Amino acid sequence: MNRVRLKVNGQEREIDVESCRLLVHAIREDVGLTGTHVGCLTGDCGACTVLVDGASVKSCSVLAVAADGAEITTIEGLTGEDGLHPVQRAFWDEFAFQCGFCLPGMLLTTCELLDRTPDPDDAEIVQAINGNLCRCTGYASIKRAVRCAATRMPSAEPASPDAPDT
Ligand code: FES
Ligand code: FES
């Protein structure tokens, strides 16, 4: 067994795992946060996406021991004291999910995108969510939600005032 230290959603955690333990299983079963979903386990669907030191990572493609010392954000870490995160609220308002299976990964991928590209164009949105499969909602509403979230992030520029009449 290997001792692995993680900071998960701001809390220090220590777990003992076998060398072959996948990060997604460690998060779900050893840390006890089951909002991270297991889909394909082959790195294709993105349901298991979490943020590792701020970067979106498919946690079925990483060994838990490789994440030793990392800061991890899971879907449980998105909602703050003020309620839903702006990205969660935008997906809700734009009807950008149905069954919700893909949602944790989709939201965390969107958070990473908006962190590095606060005002993404459509091509950048498509590129970012390329590895997150949704089988039931349709990507038009998901793209709309990402654009909406971009306007609501704390870093978003305030809307320009209308030009004065001349
Ligand atoms: S479960 Fe990890 S990418 Fe599908
Ligand atoms: S909402 Fe069902 S898979 Fe995306």
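Owing to the predicted nature of the structure, the values given are computational and were not obtained by experimental measurement. Counting starts at 1 for both ligands and their atoms, following the listed order.
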Query raised in the report: Among T74, I72, V50, which residue meets the side chain to side chain contact (heavy atoms under 4.5 Å, CB included) test with L33?
Result: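 Looking at T74, I72, V50, the match for L33 under the side chain to side chain contact (heavy atoms under 4.5 Å, CB included) is T74.
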
Report task. Let me know which of L23, V62, L6 forms a side chain to side chain contact (heavy atoms under 4.5 Å, CB included) with V52. Result ->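 By the side chain to side chain contact (heavy atoms under 4.5 Å, CB included) criterion, V52 pairs with just one of L23, V62, L6: L23.
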
Report task. Say whether, by atom type as modelled, one donor and one acceptor occur between the side chain of E76 and the main chain of G35 under 3.5 angstrom. Result ->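 Such a contact is found between E76 side chain and G35 backbone.
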
Query - Every N, O or S from the protein that is nearer than 2.8 Å to atom 2 (Fe) of ligand 1 - result: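 Atoms qualifying: C48 SG, C60 SG.
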
Requested in this report: Decide whether V87 and W92 are clustered together by the hydrophobic rule: side chain heavy atoms of Ile, Leu, Val, Met, Phe, Trp, Tyr closer than 4.5 Å, transitively.
Outcome: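 Yes, one cluster joins them.
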
**Report entry** L108 reachable from V8 in the ILVMFWY side-chain graph, under 4.5 Å edges
**Finding:**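 Hydrophobic grouping puts V8 apart from L108.
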
**Report entry** F101 and H37 aromatic ring geometry - parallel, tilted or perpendicular at 30°/60° bounds
**Finding:**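 Plane angle under 30°, so parallel.
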
Requested in this report: Test side chain to side chain donor-acceptor pair (under 3.5 Å) on N2 and S19 and set out the steps.
Outcome: CA-CA 7 Å; N2 305 272; S19 304; 3.1 Å; yes

Query raised in the report: Should D30 and R13 count as an ion pair when the cut-off is N to O under 4.0 Å?
Result: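 Salt bridge between D30 and R13, a charged N being under 4.0 Å from a carboxylate O: no.
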
Report task. Sort by chain and number the protein N/O/S atoms that are closer than 2.8 Å to atom 2 (Fe) of ligand 2, and list them. Result ->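 Under 2.8 Å from atom 2 (Fe) of ligand 2 - ignoring waters, which are not counted - the protein N, O or S atoms are C99 SG, C136 SG.
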
Query raised in the report: Under the side chain to side chain contact (heavy atoms under 4.5 Å, CB included) criterion, do V4 and E14 qualify, and how do the steps go?
Result: CA-CA 6 Å; V4 171; E14 288 192 5; over 6 Å; no

